[in-house]
Asks: 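Mind having a look at this structure? Questions to follow.
Below, chain A is the first sequence line, B the second, and so on; all start at residue 1. Keep in mind that what you see is a predicted model, and the values were worked out from it rather than measured.
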There are 2 protein chains.
Amino acid sequence: MSAAAPAGTAERILEVAERLVQTRGYNGFSYADVAAELGITKPSLHYHFASKAELGETLIARYHTRFAAALGGIDAAGGDAETRLRRYAALYADVLDKQRMCLCGMLAADLETLPGGMREAVVRFFDASETWLEGVLDEGKASGTLRNDSPSHDQAQMVISALEGAMLVARSYHDPERFRMVARRLVTSLSA
Amino acid sequence: MSAAAPAGTAERILEVAERLVQTRGYNGFSYADVAAELGITKPSLHYHFASKAELGETLIARYHTRFAAALGGIDAAGGDAETRLRRYAALYADVLDKQRMCLCGMLAADLETLPGGMREAVVRFFDASETWLEGVLDEGKASGTLRNDSPSHDQAQMVISALEGAMLVARSYHDPERFRMVARRLVTSLSA
DNA sequence: GTCTATAACGAGATAGAC
DNA sequence: GTCTATCTCGTTATAGAC
């Protein structure tokens with residue numbers, strides 16, 4: 001769940017825009033902000049991303065891909081279901097440590113104002129997280145390391161909700177430890 | 001936790017602006033939007049609220065007051081700690097049923113872009129919720145209806161985080177039941 | 001691929017008449 | 001208390017030169 005490289009202009013634009021969306025929201029940043037930070041002009045941005053909507057859709061696709069790769073990494077690393085859940089929560093904690101909100105959590109707040117393509121992409125991100133979590137929860141129940149007191153489907157939705165909310169609130173207090181405490185409680189509440 | 005009345009201009013402005021902030025965010029609405037909806041002009045808005053920041057601060061103060069009154073109503077209605085927790089969650093559900101996000105949850109996403117006065121007011125809202133919840137949790141432990149397995153302080157932060165996050169995500173799916181499921185699980189996880 | 005220049009519009013805000 | 005008129009600035013976006 002990280003990137004960084006020498007990077008061409010398009011990628012540097014995405015890096016800056018991603019941070020701005022995660023900290024200020026979709027309606028809280030402009031092409032002028034990105035251009036100024038990169039020392040280029042606004043029309044140069046439009047060369048790489050014709051519209052703000054196109055830039056936004058690219059940001060979500062990129063974030064989704066990186067997140068999916070991180071989930072693949074967790075699966076590849078092995079460990080029991082509880083360990084995977086802790087690592088899943090750690091992905092969120094890493095974002096918060098950079099003083100950012102989850103990209104799609106932030107865009108969920110802006111949802112009503114987003115162009116249609118972005119709206120659907122945000123929901124697909126949550127769907128993918130939910131599907132992965134369900135798999136981990138099912139596996140944990142089968143192997144007896146996780147509590148089997150309610151449907152994995154419901155538990156997965158609970159996990160996503162609590163982690164997104166904990167990010168949102170902890171960021172308001174500039175207190176990542178507040179997030180970590182919630183994450184620990186959450187994992188504990190699921191373990192057998 | 002509701003209002004509505006014959007209402008003068010200032011109050012009608014607040015009603016419209018509140019809904020717009022809760023659905024579109026602070027940077028997703030304008031004086032022009034409010035004015036158009038009320039059939040008045042932008043300068044008339046500025047007569048009642050000189051700046052957008054002032055309007056924003058008034059919105060939070062008003063919301064905070066109404067929320068505090070609702071908490072007072074829960075206390076006055078009696079019932080055990082678990083019942084109070086369910087009623088607390090129901091306050092959020094009522095907001096979501098109107099297809100809105102919690103005002104302060106939405107503003108927490110916009111936090112970095114808010115004028116200083118609004119930022120502090122958002123945090124004070126969370127603090128007040130947390131304090132009230134702590135009281136309910138302590139009472140529930142003392143009377144034996146709630147589980148006493150971790151500090152009320154931590155549990156209160158967990159409740160706020162999970163409910164705010166569940167609102168954020170459930171709204172993306174236009175699915176209030178998704179919120180209610182999370183709220184039920186949450187209360188159950190706290191009961192003895 | 002990046003620039004200058006500019007269009008076309010919307011934002012928050014003010015002056016001053018009624 | 002609400003209006004018309006206007007200011008200034010920021011926004012997304014395009015045309016066309018280099």
Asks: In whole Å, what is the span from the NZ atom of A:Lys52 to the P atom of D:dT12?
Replies: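 Atom-to-atom, A:Lys52 to D:dT12, this comes out as 5 Å.
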Asks: Could you work out which one of C:dA13, D:dT4, D:dA13 sits closest to the side chain of B:His46?
Replies: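 Closest nucleotide among those given: C:dA13.
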Asks: Whether the side chain of A:Arg84 engages the backbone of A:Ala77 through a donor-acceptor N/O pair (distance < 3.5 Å, no angle test) should be reported.
Replies: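 Not confirmed, A:Arg84 side chain does not pair with A:Ala77 backbone.
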Asks: Rounded to whole angstroms, how far apart are NZ on B:Lys42 and C1' on D:dT2?
Replies: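 To the nearest whole Å, that distance equals 15 Å.
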Asks: Expressed in angstrom and rounded to an integer, what is the separation of A:Arg24 atom CZ from D:dG10 atom C1'?
Replies: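 Nearest whole value for this atom pair: 13 Å.
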Asks: Run A:Arg12 and A:Glu37 through salt bridge (charged side-chain N to carboxylate O under 4.0 Å, His left out) and show every step you take.
Replies: CA-CA 10 Å; A:Arg12 278 184 297 146; A:Glu37 192 161 334; over 6 Å; no
Asks: Using whole Å, report how far CG of B:Leu38 lies from P of D:dG1.
Replies: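 After rounding, the reported distance stands at 16 Å.
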Asks: Any side-chain N or O of B:His48 less than 4.0 Å from the OP1 or OP2 oxygen of D:dT2?
Replies: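 Checking B:His48 against D:dT2: at least one side-chain N or O falls below 4.0 Å of OP1 or OP2.
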Asks: How long is the straight-line distance from CG of A:Leu163 back to CE of A:Met167, given to the nearest 0.5 Å?
Replies: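 The CG atom of A:Leu163 is 9.0 Å from CE of A:Met167, to the nearest 0.5 Å.
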Asks: Between A:Tyr47 and C:dT2, is there a side-chain N or O to OP1/OP2 distance below 4.0 Å?
Replies: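 So the side chain of A:Tyr47 is outside the cut-off, no N or O lying under 4.0 Å from OP1 or OP2 of C:dT2.
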Asks: Is the side chain of B:Ser191 donor-acceptor paired with the backbone N or O of B:Thr188 at a distance under 3.5 Å, no angle test?
Replies: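 Here the side-chain-to-backbone pair exists.
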Asks: Taking OP1 and OP2 of C:dT2, is either one under 4.0 Å from a side-chain nitrogen or oxygen of A:Thr9?
Replies: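 Result: yes.
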Asks: How many Å lie between CG on A:Leu45 and P on D:dA13, as a whole number?
Replies: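 Whole-Å distance recorded here is 11 Å.
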Asks: Can you find a side-chain donor-acceptor pair between B:Asp80 and B:Thr145 that sits under 3.5 Å?
Replies: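 No - no donor-acceptor pair under 3.5 Å links their side chains.
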Asks: Does a nitrogen or oxygen in the side chain of B:Thr41 sit under 4.0 Å from OP1 or OP2 of D:dT4?
Replies: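 No, no such contact exists.
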Asks: B:Leu20 CG to C:dA11 C1': how many Å, rounded?
Replies: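 Atom-to-atom, B:Leu20 to C:dA11, this comes out as 15 Å.
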Asks: When you measure from the side-chain N and O atoms of B:Ser30 to the phosphate of C:dA11, is any distance below 4.0 Å, counting only OP1 and OP2?
Replies: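 Answer is yes, contact under 4.0 Å.
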Asks: Between B:Tyr31 (OH) and D:dC3 (C1'), how many Å, whole number?
Replies: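 Atom-to-atom, B:Tyr31 to D:dC3, this comes out as 17 Å.
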Asks: Counting the atoms with a prime plus P, OP1 and OP2 as sugar-phosphate, which does A:Phe29 contact under 4.0 Å by heavy atoms, base, sugar-phosphate, or nothing?
Replies: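 Sugar-phosphate contact only - A:Phe29 comes under 4.0 Å of backbone atoms but never of a base.
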Asks: Over how many whole Å does the gap from A:Ile13 atom CD1 to C:dT2 atom C1' extend?
Replies: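 Those two atoms, CD1 and C1', are 11 Å apart.
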Asks: So, is B:Ser51 close to the C:dG12 phosphate, meaning a side-chain N or O under 4.0 Å from OP1 or OP2?
Replies: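 Answer no for this pair, as no side-chain N or O of B:Ser51 is under 4.0 Å from OP1 or OP2.
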